[in-house]
Colleague: 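Got a structure for you, written out below as structure tokens; questions coming shortly.
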Amino acid sequence: MQAASLSPFTAHRVPIDLGERSYDITIGKALLADPMTWDAVPAAASALIVTNATVAPLYAPALASALQTRHKAIYSVILPDGEEHKNWQTLNLVFDALLENACDRRTVIYALGGGVVGDMAGFAAASYMRGIPFVQVPTTLLAQVDSSVGGKTAINHPLGKNMIGAFYQPVLVVCDQDTLATLPARELSAGLAEVIKYGPIADMDFLDWIEANLEDLMAREPAALAHAVRRSCEIKAAVVGQDEREAGLREILNFGHTFGHAIEAGLGYGKWLHGEAVGCGMVMAMHLSNRLGLVSPALVDRVTTLVRGAGLPVVGPRLGPDRYLALMQVDKKARAGGIRFVVIDAPGSASVRSAPDAMVREVIEACCT
Ligand code: NAD
Ligand code: GLY
């Protein structure tokens with residue numbers, strides 16, 4: 001393995017600089033069960049751990065035990081597992097738990113799980129009593145490198161992914177690398193899609209590093225994973241620090257997501273994992289960038305090879321160009337019904353632009369069988 005300077009046994013801190021909403025991401029091992037990990041969380045009488053049926057038996061007891069010195073009452077709510085449950089009905093279970101336990105404005109929510117739990121618990125925190133503190137405790141690679149950082153919270157609508165939500169920052173993010181040991185291989189690959197994303201949009205040295213260390217990443221070598229999480233968080237922190245509410249620059253973090261969200265919604269949420277759809281969506285966005293004359297076929301091949309090597313699909317489902325186009329119109333980057341795509345302008349640099357419908361159709365025809 002090359003260049004992974006990070007010891008997996010030392011906790012690292014990546015700051016997110018957002019003025020009064022600033023917070024830290026702590027990355028390391030054995031963090032969850034250590035009471036000192038949670039020192040930055042506001043003292044409060046009560047806490048609610050929001051988790052799901054898969055993660056709860058694995059990690060909720062250790063977290064609850066570590067929090068005992070911080071909160072007098074620790075409640076928990078266990079949500080059904082799966083992207084198909086990222087909706088109003090499931091969100092309401094969190095509000096039920098908050099109200100049934102007489103939680104107040106100081107109650108701290110801990111989102112223990114992957115991106116689905118994090119997005120829903122964050123949205124609940126943003127809206128309960130118009131906003132209560134919350135902590136992200138991501139337990140998937142995808143959540144550690146992306147969804148727990150930056151304050152996007154949301155639920156899905158049948159007509160569009162993540163369409164209902166809020167920007168709401170956590171007070172702390174804790175990425176305990178040990179939790180990745182129990183992650184199914186397919187979920188690890190899904191997380192790698194969001195790691196790979198940071199290369200073409202922002203840092204070609206990181207892309208080189210991912211290529212050189214893909215085997216170690218797939219084998220969950222701790223130093224490799226720690227470096228991938230840390231560098232991803234640093235890149236995301238830099239982008240979010242400049243554009244918290246996605247007025248412009250932050251849109252580049254949606255590389256691959258326009259096609260990807262169409263795949264997820266078109267197949268029905270949960271059929272393809274979010275990271276799988278993003279991986280394939282990045283390949284499609286690379287082809288679009290090439291057709292727009294921005295990048296070479298060699299770079300398209302390079303990203304495709306890496307996505308495939310990470311165990312992700314590189315050929316999209318055959319929904320048909322009309323269906324893709326209709327689904328992509330409800331993307332949050334769309335303006336007046338016009339679809340906009342994150343494209344790679346040059347290696348390590350991205351922008352958002354529209355493309356002729358005919359060209360998008362060609363990409364869909366070429367990439368989906
Ligand atoms: P997920 O939350 O569904 O988790 C994947 C699976 O792994 C689930 O079955 C979960 O129960 C299980 N799991 C979680 N941690 C585990 C562990 N340590 N060991 C064993 N199993 C574990 O999916 P995800 O990939 O983490 O997140 C995807 C979601 O994140 C999507 O809804 C997507 O829209 C959202 N997202 C949000 C942002 C953002 O900025 N807010 C960014 C990217 C993705
Ligand atoms: N995952 C994209 C963003 O946080 O902006």
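Here, residue 1 is the first one in the sequence, and each next residue gets the next number. What you see is a predicted model; the values in this text were computed from it and never measured. Whatever order the structure lists them in is the order used to number ligands and atoms, beginning at 1.
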Colleague: If I take atom CD1 from residue I235 and atom CG from residue L253, how far apart are they, to the nearest 0.5 angstrom?
Modeller: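 Between atom CD1 of I235 and atom CG of L253 there are 9.5 Å.
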Colleague: Is any NZ, NE, NH1 or NH2 atom of the basic residue among E365 and R361 found under 4.0 Å from an Asp or Glu carboxylate oxygen of the other?
Modeller: no
Colleague: Just jot down the ligand 1 atoms closer than 4.0 angstrom to any heavy atom of K236, in number order.
Modeller: 40 (O)
Colleague: Pick from L63, V137, D176: which one makes a side chain to side chain contact (heavy atoms under 4.5 Å, CB included) with L31?
Modeller: D176
Colleague: Looking only at protein heavy atoms, which one is nearest to atom 14 (C) of ligand 1, and how far off is it?
Modeller: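 Heavy-atom neighbour on the protein nearest atom 14 (C) of ligand 1: T140 CG2, 3.2 Å.
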Colleague: Quick check on contacts: which atoms of ligand 1 are under 4.0 angstrom from a heavy atom of E187?
Modeller: 5 (C), 6 (C), 7 (O)
Colleague: For the rings on Y110 and H71, is their centre-to-centre separation under 6.0 Å?
Modeller: yes
Colleague: Anything under 30° is parallel, anything over 60° is perpendicular, the rest tilted; go ahead and classify H257 against H274.
Modeller: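 Judged by the thresholds at 30° and 60°, the geometry between H257 and H274 is perpendicular.
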Colleague: Just to be sure I read this right, does ligand 2 sit under 4.0 Å from the backbone of H257, its side chain, both, or neither, counting only heavy atoms?
Modeller: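 No part of H257 comes within reach of ligand 2.
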Colleague: Could you tell me if any non-hydrogen atom of E246 lies under 4.0 Å from any atom of ligand 2?
Modeller: yes
Colleague: Parallel, tilted or perpendicular for Y168 and F134, by the 30°/60° rule?
Modeller: parallel
Colleague: Report, in ascending order of atom number, the atoms of ligand 1 lying under 4.0 Å from any heavy atom of K152.
Modeller: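 Reading through ligand 1 atom by atom, the close ones are 39 (C), 40 (O), 41 (N).
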Colleague: Quick one: are L207 and L306 in side-chain contact, heavy atoms under 4.5 Å?
Modeller: yes
Colleague: For atom 8 (C) of ligand 1, grab the closest protein heavy atom and report residue, atom and distance to one decimal in Å.
Modeller: D81 OD1, 3.3 Å
Colleague: Please list the nearest protein heavy atom to atom 43 (C) of ligand 1 with its residue and the distance rounded to 0.1 Å.
Modeller: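 Scanning the protein heavy atoms, the shortest distance from atom 43 (C) of ligand 1 goes to D146 OD2, 3.5 Å.
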Colleague: What protein heavy atom is closest to atom 1 (P) of ligand 1, reported as residue, atom name and distance in Å?
Modeller: V116 CG2, 3.9 Å
Colleague: Among protein heavy atoms, which sits nearest to atom 15 (N) of ligand 1, and what does the distance come to when rounded to 0.1 Å?
Modeller: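 Answer for atom 15 (N) of ligand 1: T139 OG1, 2.7 Å.
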Colleague: Without hydrogens or angle criteria, can the side chains of Y59 and T51 be said to hold a donor-acceptor pair below 3.5 Å?
Modeller: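 No pair is found: no donor N or O on one side chain lies under 3.5 Å from an acceptor on the other.
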Colleague: Among all protein heavy atoms, pick out the one at the shortest distance from atom 30 (O) of ligand 1; state its residue, atom name and that distance to 0.1 Å.
Modeller: G115 CA, 3.3 Å
Colleague: With heavy-atom distances below 4.5 Å as the criterion, would you say the side chains of T304 and M286 are in contact?
Modeller: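 No, too far: nothing below the 4.5 Å cut-off.
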Colleague: Going by the order shown, which atoms of ligand 1 are within less than 4.0 Å of some heavy atom of N52?
Modeller: 10 (C), 11 (O)
Colleague: Quick test: of every protein heavy atom, which one is nearest to atom 22 (C) of ligand 1, and how far off is it to 0.1 Å?
Modeller: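 Heavy-atom neighbour on the protein nearest atom 22 (C) of ligand 1: L183 CD1, 3.8 Å.
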Colleague: If the threshold is 4.0 Å, N to carboxylate O, is there a salt bridge linking K29 and D34?
Modeller: no
Colleague: Short list, please: which atoms of ligand 1 are under 4.0 Å from a heavy atom of G114?
Modeller: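 Once the distances to G114 are compared, the set is 2 (O), 26 (O).
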Colleague: Determine, for D119 against K161, whether the closest basic-nitrogen to carboxylate-oxygen distance falls under 4.0 angstrom.
Modeller: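 Salt bridge flag = no for K161 with D119.
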Colleague: How far is atom 3 (C) of ligand 2 from its nearest protein heavy atom, and which residue and atom is that?
Modeller: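 Protein heavy atom with the smallest distance to atom 3 (C) of ligand 2: K152 NZ, 3.3 Å.
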Colleague: Could you see which bit of V149 sits under 4.0 Å from ligand 1, with heavy atoms only: side chain, backbone, both or neither?
Modeller: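 It is neither part, as no heavy atom is under 4.0 Å.
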Colleague: Under 4.0 Å from a heavy atom of L142: which atoms of ligand 1 are those, numbered in the order shown and with their elements?
Modeller: 24 (P), 25 (O), 27 (O), 28 (C), 30 (O), 44 (C)
Colleague: Which atoms of ligand 1 sit under 4.0 Å from any heavy atom of Y59?
Modeller: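 Counting atoms of ligand 1 from 1, those under 4.0 Å from Y59 are 18 (N).
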Colleague: Can you list the atoms of ligand 1 that are under 4.0 Å from a heavy atom of T182?
Modeller: 17 (C), 18 (N), 19 (N), 20 (C)
Colleague: Under 3.5 Å between some N or O of ligand 1 and some N or O of T153?
Modeller: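 Looking only at distances, the answer is no, because the N/O contact criterion of under 3.5 Å is not met.
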Colleague: Mind telling me whether H227 and W209 have parallel, tilted or perpendicular rings, with 30° and 60° as the class edges?
Modeller: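 Judged by the thresholds at 30° and 60°, the geometry between W209 and H227 is tilted.
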Colleague: For atom 4 (O) of ligand 2, what is the closest protein heavy atom, and at what distance to 0.1 Å?
Modeller: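 Looking only at protein heavy atoms, the one closest to atom 4 (O) of ligand 2 is K236 NZ, 2.5 Å.
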Colleague: Quick one: which ligand 2 atoms are inside 4.0 Å of a heavy atom on D146?
Modeller: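 Checking each atom against D146, I get 1 (N), 4 (O).
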Colleague: Could you tell me if any non-hydrogen atom of Q144 lies under 4.0 Å from any atom of ligand 1?
Modeller: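 No, that is not the case, since the closest heavy atom of the residue is not under 4.0 Å from the ligand.
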Colleague: Between V94 and L79, does a side chain to side chain contact (heavy atoms under 4.5 Å, CB included) hold up when you go through it step by step?
Modeller: CA-CA 8 Å; V94 184; L79 307 179; 4.0 Å; yes
Colleague: What protein heavy atom sits nearest atom 21 (N) of ligand 1, and how far off is it?
Modeller: P184 CD, 3.8 Å
Colleague: How does N162 reach ligand 1, by side chain, by backbone, by both or by neither, if only non-hydrogen atoms under 4.0 Å count?
Modeller: side chain
Colleague: Closest heavy-atom contact between R250 and D243?
Modeller: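 Closest heavy-atom pair between R250 and D243: N-OD2, 2.8 Å.
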Colleague: Applying side chain to side chain contact (heavy atoms under 4.5 Å, CB included), run through M359 and L292 and close with a yes or a no.
Modeller: CA-CA 8 Å; M359 187 184 284; L292 286 165; 3.6 Å; yes
Colleague: Out of H274, H261, K161, whose heavy atom sits nearest atom 34 (O) of ligand 1?
Modeller: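 When every heavy atom of H274, H261, K161 is considered, K161 comes closest to atom 34 (O) of ligand 1.
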